[in-house]
Structure formats: structure tokens, C-alpha cells
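As C-alpha cells, the structure follows; a few thoughts come after it.
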Amino acid sequence: MSRYEPRVIEGKWQRIWADEGTWEVPNPGDGGFESDKPKSYVLEMLPYPSGEPHVGHLKVYSVGDAIAHFRRRNGFEVIHPMGYDSFGLPAENNAIKTGEPPRVATERSIEAFREQFTEWGISIDWTRELATHTPEYYRWTQWIFLQLFSRGLAYRAEAPVQWCPNDATVLANEQVIDGRCERCGTEVETRSLEQWFFRTTEYADRLLADFAKLDSWPDHVITMQENWIGRSEGAEVVFRCEAAGIDFPVFTTRPDTLFGATFFVLAPEHPALAELVAGTEAEQAVDEYVGQVARATVEERGDEGRPKTGVPLGRTVTNPVNGEEIPMFVADYVLMDYGTGAVMAVPAHDERDFAFAGTFGLPVRRVIESVTDQAGADRDEPGAAGELPYTGDGPMVNSGRFDGLDNREAYDRIVAWLDEEGRGESSVNYRLRDWLVSRQRYWGAPIPIVYCEKCGMVPVPDDQLPVELPEVDDYAPRGKSPLEAAGDWVNTACPDCGGDARRETDTMDTFVDSSWYFLRYLDPHNDAAAFSREAADHWMPVDQYIGGVEHAILHLLYARFFAKALADLGHLGVTEPFANLFTQGMITRDGAKMSKSKGNTVSPAEYVGRHGADAARTYVCFMGPPERGGDWTDEGVEGVHRFLARLWRVTDEIAGPEGEEPEPFETPVAGDLEGPAREVVAKAHWAIEKATGDFNRDFQFNTVIAAVMELVNEIYRVKDDLLDDYTGRRALRFATATATSLIQPFAPHLAAEAYERLTGDRVWETPWPEADPAMLRSDSVTIVVQVNGKVRDRIEVDEGAEKDEILAAARSAGNVARHLEGSEIVKEILVPGKLVNLVAKPS
RNA sequence: GCGGCGGUGGCGGAACUGGUAUACGCGAUGGAUUCAAAAUCCAUUGCCCGCGAGGGCAUGUGGGUUCGAUUCCCACCCGCCGCACCA
């Protein structure tokens, strides 16, 4: 008898798969392409290569690989590639500290990742491997940038931006969390700088509308993106300051409350502010206030509970609906980067305006009655007893000719009237802003633009791509890109006129790299295009995307934007890149997020070394439903290892001596079986049914594996009775082969070895098994008998037993009869094949 | 505050359409094997009462619907995640 030695088995099959290129798939037009097979693109989010893979990686690739295997064995041509998101700040920060070039550290990490993925036995088509930091890849990142530029979707503009003083670079809004840098936690400042943007706002509506195409995306991911895009409908209304001769458009979602506007507020950054107060009494106070706000951190300003502050401007604007002059203020609760940077304040019906009015003693005028005193009113609504602010619906008051109308009705009428008068129009606003893509850092794809004294901003022609990242000595950020120091590289000739020109020295946000990598996998060696349209048309969209929720907004939104933009440019036939998304939960240890500082990290390599890749992979899939998190325990991995060893031992016992030709493998037929042989074969069919169902139902891998464990337990229960005769051995061999076949997506090496020993076949080339309906039924069934809803006994009845027969048996079952004594049955309920409930009351 | 997800044994979790609550694993206890241990195999394992047969109580709390509720409805408590001065 041979021991279960995972390292030996795993090495053996990994070599076979590598030598044979088992997981490689050809493109349409290539030799060996099978056009009759349906395709399936299974993709996990690509890793950022830093150090070694951690358990999060183990989980995402174990889950993805299980899906890939399952699809292959269900007849799909599965493309399952791997690559590295290898530009990024950690490598660069390391370079600043140690002086080691980011490329060197990054490529070392890539080696380590590749090695681990190979040891885990993930079924990857390595011929499609890519790394985003290589010129072969970022050449096409630059090309896409220029494609966007040619359509005006990439543009340069001065804008107030979020600046991280520690990383000395700008951040996208998405990279600022609670006023702090997502990466280093430093408080973010606001600066006004010239930066590159992608016009994501142009796609806001389509990004929202196309959620309809993504029915299997988790709701919370869609909700987060919807919140992020933040579409709100309302109206733009113009308030004019006659004295200064300036029009102030505002965006409001409540044009129905226009008659209640009693003051008007500008954001401290509003461009017209200085002009409004220049040379007036208010000038000094306003300047002081604006300076004070500018010094405050983003976090301080964002605090909602803080008392409202502001300064009167000594100016008024005219309310277009009633001609009223209302006073102007500057206040930091109004944000420059949402709407127009100015708001009409309606204190009676807006909590923030109400608070401000309270502080400054401003009038509050109700224009909507609360509906408290009407029938069916909700008394718990704020403002129910008539107090303000009231944000609910009701009839209009103090609103001239709109009085008495329901406010929803008045909304439409007021907007229509403003439109006729040319003083406003209905309007839609988004929280989403354009994507800021330039970074003042070294380790990224250079932006392929040249500034010529004569010609201005000139795109680098396609045939001069890539603009290669030059070598530099000093990676430290100084507020501008370290590339500024590479003089030979910066100074160049203008592609248009040949005159003196300078290169753009900013690099691209690494989210640009990862917004299209799934397309490059489809045609990774193409040096004439980013990818061929034919390959993309065949493989896209990604049928199953797998990754962590932490990318719910950033990466997924950007990739969706790219797909739409590339489709509009004619390079792609789909507008949504990821048809189905599965987000896996995080693995913790001792209930806490793993971190080096806590010293509670789990090194996958250690466990793979100790128990084998199959055990480590199966364990992360067994911990719980994969979309939820789970707590890693050593006992848990050991338990799974024990189970695999148990499966291995029974295989060894049933298959006979190693190296011997297995007996011909036949599927046992229902009619030929009885007793334990029938039971174990029936259990195998039950396990097939259960595993297949749970696989298809949201990837419930924990219960798939539990079903295989049950089957193995059943094999142990009956094996000593069956090993002696031919029929028994055949039944056992079928059951054991079924167990190995079903565990294959999780433990592919053990499965390959065991299945070959049992059947002579290659399990990964064997179609996923199908349950025989005849074997799922049994001749007799156990019926639970309840009296008044409590289980009192169980009876065995024939499969086809008549209703009356079952009820009679139920009534006379020993313990049931006792409970029925002295009572009269008033109702009998029969759930076929399951249960009888006898409802009785004292007679 | 708003939105989402969740609360089941000592622990991770299962229970698909309202029908045997606690599958499977971990841990624990006992037994077999062993000189002994490890490993392995077998058995027991929600709590309480009972020698037993059996009975009672249990799915965060309180109500409701139903012959029957972890599952549906109402109110509430707790935990996690996201958003949060967005006009």
C-alpha cells in the first residue's frame, strides 16, 4: 500500500500538464481550434506582484480554477489566462528606500508568483501570460490613451485635485478615503494643477443603464457603483446678481421649493467670488474665510455634524420665480465640484440650509404643507407636527399661482415655466467626475504626448510607440515626476515639425493598465495591434470574472468605461466586459484581517509544502460559501488533508496494486445491484446530483465538497462487505471513481492520479458525470409522522404506496398511536415521500 | 442618518419551492489497533429531565400567519460592510 504523498503526485501531474500544454487554447484561425465547442472565458483579477502570493490569492485562483475545470468538463472551450499588474507604487516606494530599480524587484516578485501558481497546479494557459510593465504591453496602453485622445475622451485641464503630500502625487477621487490617501493614510490636500483626465462622465448614463445586462453581478456591487455615479434629476435655474452683472446657475433637485429660497450660497472656491466682493466691505472677511477653508483638510471639511460656518457677501441675487432679492453668502458646506458650486437655500425644506439659517438668523419660509393632518399621513415623518425642516411631500403654499398643487405636480409645472422663460431647464447631475489619470511618479506607463514650442500638444505617432520608460537614478518624488530628471529622454524632437520639444513626464494611473488586460490575453503576442478584433469577438465578454469586493468601484467601473469607449472606437463588439461577476470574501485569522504588523499572516507556500496544494485549495473552498469570508485554522486544513488521504487510501485499496492494468471500468446498472452495492452506487449518484446542483447554484463549493465527503464515508461503511466479489468491487470502484471525479475541480492532482488508477482514464478529459435518475429513487421511503406538528415516529413505506395506505400505517405506528389515545383526528396532511401530520384534539 | 449583508451546537457552517433543524468538517469523549505513541478505523457528541422507553426546550428578541416557520409578515436588538453637507 502506498502512502498519500501530495508533493510527489502534484509534481508528476504538473509536469505532464506543462509538457503537453494541457490548458492551452488556440484562437480562431490557429491550428487545433475547435469551432464547435462553446467558449467560456474564466478570469480572476490579475495580481499585483509584490513579495509572494498570500491566502487571498490562493482563494481567488482556487475558486476560479474550480470553475474553469468544471466548465471544461461540461464541454466548454475554456480560456483561463494569467498575468501581472506590475506597475505601481509599492515597488516604487521600495525603490526610493533601497535604490533597487522597481523593475528588478517587480520581476523577482513575478518569478515568485509564477512559481507558486505552478505549484498550486492552477490550470493556466501560460502562453498568454503578460505583465503590464513590459514595453510590449504598455505600448498598447499608450495606444489606447491616444485613441481616447483622438476622440476627445482624454484631455488635459487645470483642476482642483487631491494631492497626497506623502506620495507626492495626485490621486483620483476614488483613491481618497475619508479625506486620506487610500494607500498611505496621509491627509489629502487640495491643489489646483494641470492634469490629464479621461472623460468618464460622458459615459455616466450608459454605465448606469448597462447594469441591466449584468444580472448575475452581486447587488451590493451594483449599488456601490450606482452610489458612486450618483445620478440625480433636477433643474438648473439661473439666479442673477444685477449689481455685479453676473448670472449664477444652480442645480437643484427641488425646483418645487423655489419660492422658499431665502438666501443663496457660493462655495469658497467659486470663481466669481473674488469679483463679487472686490473693493467692498465684505472683501476682507471673505478672504479670511476662504483662506481658512483652504487650509482645512478634506476630512475636516467633510464632517457633516460640524456647525455651519460662512460669511455674508453684502450682495443679493434675484429669485427668478418671484423676483425677490435674497442675500448671498459664502459657506464651506457648498462644494465646488458638485453641481455649479452655488446653491439656492431653502431652509424650510432642507436640513443643511435650515441649520445655516439658524446660525445666521435668516428667514425660513414654508412652501410645502406637511400632510400630517390628512388621512393616512405618517406621523413619524420629520416635520409631522408641522415643524421644519420638512422634506416630504404635500400641497404647495406661499408659491403664487402654484399654491394648492401637489408639490410633485408643481415640480413639473415650475420647470416647464422656467424653460419657457429661459431662466432654467430640467437637468441631470452626477457625482461621478472625470477620471484623473496622470501621476507624478516614475513606475507607470509614460503618457505619450510631446509639447512642442510651435505645435503645442502633439500625440506621439503610433509607429513611434512605445514611449519607453527611461532609466533614472533617483525615484524620490519631488512634487513633479522623477522622469523630469531624464534630460535626454525629456528633450525630444516634435513629431510634427521636428523642432525642439519636451515629453510629458507624468505617467498613467495603474488602473489604466488593468482596464484592458483581459483583452490583451486574447491576443498577447500581436505586435501590430493591441488585440485582434476577431479574437475579441470570439472570446469576449468574460463569462465569469472572480475577484475581491475591494475593486467593486474603481477597477470594475474603469474597465466598464474602457469597454464602452473601445466599442465606440470600433475596436470591440461588446460594451460590458464582464458578463458575470463573483466576489469572494476575505479570509481572516483569529477573526482579524491578516497583516504583517499583527503577525497573523498565513503563507500559502508553507501549507502547500506541508499538506499539498490539493489540500490547501480544497480547504479554502470548503471553509464556507466562497462569497463570504472565513477564518483560517490549521485544524481545518488538516481536516481536509485527512479527507484527501482517506480518499487516497480507499482508492489504493480498491484499485489494486500500483502499475497493474485496472480491470475494465463499467458503470453499474441499477437492475444488477442489491444491498450495500446498490446503496453505495446510489450514494454516488446522489453525490453527482448534489455536487452538480450546488456548483451551478452560485458556486456553493463547501457543500459540493461535503457531498463528496459523505460519499467517501459511505464507501468506507460498505467496503469490507463488498471487496470480496466482482459485483461489489465494481460498485466500489464506480463510487470511488465518482468521488475522485467530483473532487477534481478542487484537488486536480489527487483526482488525476486516483482516477487513472481506478479507470485508466484522464479525469480532466472525462466529461462531468451525470446522475442516473433510476438510481436516485429507492424502492421504499421513510416518512416522518407528526402529531400536531411534532415528530413522533417514522414509517417505511413502498415508493408507490397509496395515500390511504400511508395514512393508515402512520396512525398505527407505535408511538403515534400512544399520542393519539383519547384524541380525535381532525385533519390529516400528507406531503408525498416526506411526512404525515395528524392534527388531533381531545375527544 | 441612508443602503446592503448577516445573527443556527463548544467552533466553521448545512437545511434548494413553508415539511425530519443542526448535513459536512473541526474540537471533545470512549473503544479497537500498538510494548507505547503518532497515524488509522469504529462509536458517541445541541441543551435539560429520565435507568430506559420516552418527554420537554432550542435557529438574536417579541408578536403574527399556518396543520406545520431557520424559511413568510410586523416591530425591535446586535454585528459587519458600503455611502454620508452631493443641493
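Values below: all heavy atoms of this structure, side chains included; hydrogens, waters and symmetry mates excluded. Here the structure is a predicted model, which means the values were calculated and not measured.
With respect to the salt-bridge test (charged N to carboxylate O, under 4.0 angstrom), the residues A:Glu653 and A:Lys719 qualify. Salt bridge status for A:Arg811 with A:Glu828: present, with a side-chain N to carboxylate O gap under 4.0 Å. A:Arg818 has no carboxylate O lying under 4.0 Å from a charged side-chain N of A:Glu821, or vice versa, which leaves the two without a salt bridge. One finds no salt bridge joining A:Asp614 and A:Arg7 here, because no Lys/Arg side-chain nitrogen approaches an Asp/Glu carboxylate oxygen to under 4.0 Å. Under 4.0 Å is where a charged nitrogen must lie from a carboxylate oxygen, and between A:Asp634 and A:Arg589 at least one such pair does.
We find that CH2 of A:Trp228 is positioned 22 Å from P of B:C2, with the value rounded to whole Å. Rounding to whole angstrom units, CG of residue A:Asp631 and P of B:C80 are separated by 15 Å. What separates CG of A:Asn788 from P of B:U66 is a distance of 16 Å, to the nearest Å. A straight line from CD1 of A:Ile825 to P of B:C67 spans 17 Å, rounded to a whole angstrom. Rounded to whole angstrom, the span from the CG atom of A:Leu266 across to the P atom of B:C85 amounts to 20 Å. Spacing between atom CD of A:Glu351 and atom C1' of B:A84 amounts to 13 Å, rounded to whole angstrom units. Rounded to whole Å, the distance from CG on A:Asp256 to P on B:A87 is 14 Å. Note: NZ (A:Lys790) to P (B:G55) measures 10 Å, nearest angstrom.
Nucleotide B:C41: paired with B:G31 (Watson-Crick or G-U wobble, both distances less than 3.5 Å). In a base pair of the Watson-Crick type (N1 to N3 plus N6-O4 or O6-N4) or a G-U wobble (N1-O2 and O6-N3), with each distance short of 3.5 Å, B:A21 is matched with no nucleotide. Taking a pair to require two hydrogen-bonding distances under 3.5 Å in either a Watson-Crick or a G-U wobble arrangement, B:G52 remains unpaired. Shown here, B:C57 forms a base pair with B:G46; the pair counts as Watson-Crick or G-U wobble because both key distances fall under 3.5 Å. For B:A14, there is no paired nucleotide, since no Watson-Crick or G-U wobble pair has both relevant distances below 3.5 Å. In this structure B:C72 sits in a base pair with B:G64, meeting the Watson-Crick or G-U test at under 3.5 Å. Pair assignment for B:G3: B:C81, on the basis of Watson-Crick or G-U wobble contacts that are both within less than 3.5 Å.
The residue among A:Asp219 and A:Gly630 whose nearest nucleotide of RNA chain B lies closer to the 5′ end is A:Asp219. If A:Arg628 and A:Tyr430 are placed on RNA chain B by their nearest nucleotide, the residue sitting closer to the 5' end is A:Arg628.
Using cut-offs of 30° and 60° for the angle between ring planes, the A:Phe701 and A:Phe746 rings count as perpendicular.
In this structure, A:His819 reaches the sugar-phosphate backbone alone: every heavy-atom distance under 4.0 Å involves primed, P, OP1 or OP2 atoms, never a base. A:Arg306 comes within 4.0 angstrom of a base, heavy atoms only. Across all strands shown, A:Val708 has no heavy atoms under 4.0 Å from either base or sugar-phosphate atoms. A:Gln700 comes within contact range of the sugar-phosphate backbone alone, with a heavy-atom separation under 4.0 Å but no base atom that close. Residue A:Arg792 is in sugar-phosphate contact alone, with no base atom involved, counting any heavy-atom pair closer than 4.0 Å across all strands shown. Across all strands, A:Asn815 comes closer than 4.0 Å only to sugar-phosphate atoms, never to a base (heavy-atom distances).
Under the 3.5 Å distance criterion, with hydrogens and angles disregarded, no donor-acceptor pair is assigned to the side chains of A:Arg628 and A:Gln584. Inspection of the A:Thr588 and A:Asp631 side chains reveals an N or O donor paired with an N or O acceptor under 3.5 Å. A:Thr257 and A:Tyr411 form no side-chain donor-acceptor contact under 3.5 Å, judged by distance and modelled atom types alone.
Applying the 4.0 Å criterion to OP1 and OP2 of B:A84, one finds that A:Arg431 has a side-chain N or O inside that range. Listed pair A:Arg649 / B:C41 meets the phosphate criterion, a side-chain N or O lying under 4.0 Å from OP1 or OP2. The phosphate of B:C83 has neither OP1 nor OP2 within less than 4.0 Å of any side-chain N or O from A:His220.
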- Note on the structure: Reading nucleotides 20-30 of chain B from 5' to 3' and marking B where a protein heavy atom lies under 4.0 Å of the base, S where only the sugar-phosphate is that close, and - otherwise, the string is BS-BBSSS---
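Taking atom C1' in both B:U20 and B:C73, the straight-line distance is 25 Å, to the nearest Å. The same atom, C1', is picked in B:G55 and in B:G60; the two are 27 Å apart, to the nearest Å. B:U61 and B:A69 have their P atoms separated by 15 Å, given to the nearest Å. Distance noted for atom P between B:C24 and B:G46: 12 Å (whole Å). Only the P atoms considered, B:A21 is 39 Å distant from B:U33, to the nearest whole Å. Rounded to the nearest Å, the gap between the P atom of B:G10 and that of B:C48 is 10 Å. Using atom C1' as the reference point in both B:A14 and B:G7, the two lie 16 Å apart (nearest Å). Atom P of B:G30 sits at a distance of 42 Å from the matching atom of B:C78, rounded to the whole Å.
Going from atom CE of A:Met586 over to atom CH2 of A:Trp632 covers 14.5 Å, rounded to the nearest 0.5 Å.
In this entry the base of B:G63 is anti relative to its sugar, with a glycosidic angle more than 90° from 0.
Closest approach to the A:Arg697 side chain among B:A15, B:G56, B:A87 is made by B:A15 (side chain taken as heavy atoms from C-beta onward). Listed nucleotides: B:C85, B:G68, B:A87. Nearest to the side chain of A:Asn837: B:G68. Comparing B:G3, B:C85, B:C42 against the side chain of A:Thr223 picks out B:G3 as the nearest.
The cationic atom of A:Arg423 (NZ for Lys, CZ for Arg) does not lie both less than 6.0 Å from the six-membered ring centre of A:Phe239 and within 45° of the ring axis.
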